[in-house]
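We use all heavy atoms of the structure for the numbers below, so side chains are in, but hydrogens, waters and symmetry mates are not. Here, residue 1 is the first one in the sequence, and each next residue gets the next number. Just so it is clear, the structure is predicted and the values come from calculations on it, not from any experiment.
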Amino acid sequence: MTLTIGHTEVPYQVEKNRGRGISLRFREESAVLLIRTPSGKLDQHAQEFIQDKQKWILKHYDNKRAYASRRQQFRDQIRQGRIPYLGVMTEIVFLRGKQRRVKLVDGNIQLVLKAEDPDHLSLSYLYAGLRALAKDYLVQRTLDLAKYTESRVNQIRVKDQKSKWGSCSGKSNINLNWHLILLNPSLIDYVIIHELMHLREMNHSKRFWGWVEHFYPDYKLAEKELKQMGWLIGIMKVLS
């Protein structure tokens, strides 16, 4: 089913909403609009609601299509044996050996599987190997930047977060999304500094941004670039 908005056909699905209101959102991995209504149908009230939200729908539909295009390009690059590692397109060398391993060799990512391993295991193991490399890099970089900013960190966790590059808890724990390893080092540093500054200010007040700017003067540009790279969050989990 599709909605016709101007010259654009927007695919959609309708579900029953547990509440009394009408909600619109796009599914996580597709450009399909999910419409929830109290009746589970597009009655007149729902159609009028959609009419009022046409600009929002088109904006987010275009964004979802752009994300999907970038993700497909990423998948194609993986199949061609290339991946952005620390922001640089890096060759993946697939080998067979006695033990499975993923490591950096001469600027390439060397992925070794056992002789008996099926080919489809390569993506799953690449996922696990990259996550391990990311943990080593991100933990050490956070320790370095914590020392530089004179920040006290309790624990550093490298996780598979669904929608964030990083977060900070009230217990002084820093959580980082391992997909950060796909970004350039400058952006990674910004995310880490951003979270470290939350150890001082658990908010986004002027004081917080003042601390961020002190240690990362180009933070506004970094924020803009991060938003443009949001399509990378969770992409390796989808591939695995």
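- Summarising the geometry of P11 relative to T2, their closest heavy-atom pair is CA-CG2, 4.0 Å, with the distance given to 0.1 Å.
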Decide side chain to side chain contact (heavy atoms under 4.5 Å, CB included) for L145 and R141; before the verdict, give the C-alpha distance in whole Å, the side-chain angles of both, and the deciding distance to 0.1 Å.
-> CA-CA 6 Å; L145 290 174; R141 191 58 184 155; 3.9 Å; yes
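- Remark: the Y85 side chain and the N108 side chain contain no N/O donor-acceptor pair separated by less than 3.5 Å.
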Can you check side chain to side chain contact (heavy atoms under 4.5 Å, CB included) on V93 and V105, steps first, answer last?
-> CA-CA 9 Å; V93 180; V105 179; over 6 Å; no
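- For the pair R101 and Q110, the minimum side-chain heavy-atom distance is below 4.5 Å.
- Here the side chain of N177 pairs no donor or acceptor atom with the backbone of D160 at under 3.5 angstrom.
- Using bins of under 30°, 30° to 60° and over 60° for the plane-to-plane angle, the ring pair Y219/Y190 lands in the parallel bin.
- The structure places CZ of R36 at 10.5 Å from CD of Q13, a figure rounded to the nearest 0.5 Å.
- Proximity of S172 to L199: side-chain heavy atoms (C-beta onward) are separated by under 4.5 Å at one or more points.
- Here the closest heavy-atom approach between residue R65 and residue A31 is recorded as CG-CB, 4.1 Å.
- Side-chain contact between M202 and C168: present, with at least one pair of heavy atoms (C-beta onward) separated by less than 4.5 Å.
- Heavy atoms of other residues, nucleotides or ligands lying less than 6.0 angstrom from CD of Q80 number more than 12.
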Please lay out, stage by stage, how T37 and F49 fare under the test side chain to side chain contact (heavy atoms under 4.5 Å, CB included).
-> CA-CA 10 Å; T37 70; F49 182 85; over 6 Å; no
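- In this structure, CZ on R71 lies 5.0 Å from CD1 on I235, to the nearest 0.5 angstrom.
- Of the inter-residue distances, the one linking T142 atom OG1 with I192 atom CD1 reads 3.5 Å to the nearest 0.5 angstrom.
- Ring geometry for F74 against W231 counts as perpendicular: the plane angle is over 60°, on a 0 to 90° scale with 30° as the lower cut.
- Counted by atom type alone, D43 and H45 present zero donor-acceptor pairs between their side chains at under 3.5 Å.
- For N175, the side-chain contact (heavy atoms from CB on, under 4.5 Å) partners at least two apart in sequence or on another chain are R157, K159, Q161, S167.
- Judged by distance alone, with hydrogens and angles left aside, the side-chain atoms of S205 form no donor-acceptor pair with the main-chain N or O of N203 at under 3.5 Å.
- To the nearest 0.5 Å, atom CD1 of residue I35 and atom CD1 of residue I50 are 3.5 Å apart.
- Contact annotation: the side chain of L58 approaches that of T8 to within less than 4.5 Å [non-hydrogen atoms, C-beta and beyond].
- The number of heavy atoms from other shown groups lying within 6.0 Å of CG (D106) does not exceed 12.
- Checked by atom type and distance alone, the side chain of N173 pairs as donor or acceptor with a backbone atom of Q155 at under 3.5 Å.
- Using a 4.5 Å heavy-atom cutoff, the side chains of L34 and E15 are in contact.
- In this structure, a donor-acceptor pair under 3.5 Å is present between the side chains of D76 and Q72.
- Between L182 and P84 the shortest heavy-atom distance is CD2-O, 3.1 Å.
- The closest side-chain heavy-atom distance from K41 to V14 is not below 4.5 Å.
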Working for salt bridge (charged side-chain N to carboxylate O under 4.0 Å, His left out), residues D144 and K147 = CA-CA 5 Å; D144 292 342; K147 183 177 180 180; over 6 Å; no
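- For the pair H60 and F26, the tightest heavy-atom approach, listed with the atom from each and the gap, is CB-CE1, 3.5 Å.
- Relative orientation of the H204 and H198 rings is perpendicular, given thresholds of 30° and 60° on the angle between their planes.
- Aromatic ring centroids of H194 and F208 lie under 6.0 Å apart.
- In plain terms, the two heavy atoms of W165 and M229 that are nearest each other are CZ2-O, 3.4 Å.
- In R96, the CZ atom is crowded: over 12 heavy atoms of neighbouring residues, nucleotides or ligands sit closer than 6.0 Å.
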Would E91 and R82 count as a salt bridge (charged side-chain N to carboxylate O under 4.0 Å, His left out) if you check the C-alpha gap in whole Å, the side-chain angles of each, and the deciding distance to 0.1 Å?
-> CA-CA 5 Å; E91 183 178 355; R82 295 179 299 150; over 6 Å; no
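- Note that CD1 of I174 and CG of L196 are 5.0 Å apart. Values are rounded to the nearest 0.5 Å.
- Taking the six-membered ring for Trp, Y216 and W211 have ring centres at least 6.0 Å apart.
- Checked for salt-bridge contact, K114 and D117 miss the test: no charged N lies under 4.0 Å from a carboxylate O.
- Taking the side chain as every heavy atom from C-beta outward, V112 and V102 never approach each other to under 4.5 Å.
- Salt-bridge annotation for K224 and D218: absent, with no side-chain N of the basic residue lying under 4.0 Å from a carboxylate O of the acidic one.
- For the atom pair CG (L232) and CZ (R70), the distance works out to 9.5 Å, reported to the nearest 0.5 Å.
- Across all their heavy atoms, I181 and A134 have their closest contact at CB-CB, 3.7 Å.
- Within the 4.5 Å cutoff, no side-chain heavy atoms of I233 are placed close to those of S163.
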List the steps, then state whether ring pair (Phe, Tyr, Trp, His ring centres under 6.0 Å) holds for Y137 with W178.
-> CA-CA 10 Å; Y137 179 91; W178 79 264; over 10 Å; no
What do the steps show when you test L33 against L3 for side chain to side chain contact (heavy atoms under 4.5 Å, CB included), and what is the final call?
-> CA-CA 9 Å; L33 176 65; L3 294 172; 3.8 Å; yes
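- Tracing side-chain contacts under 4.5 Å through hydrophobic residues (I, L, V, M, F, W, Y), one never reaches L221 starting from L187; they form parts of separate clusters.
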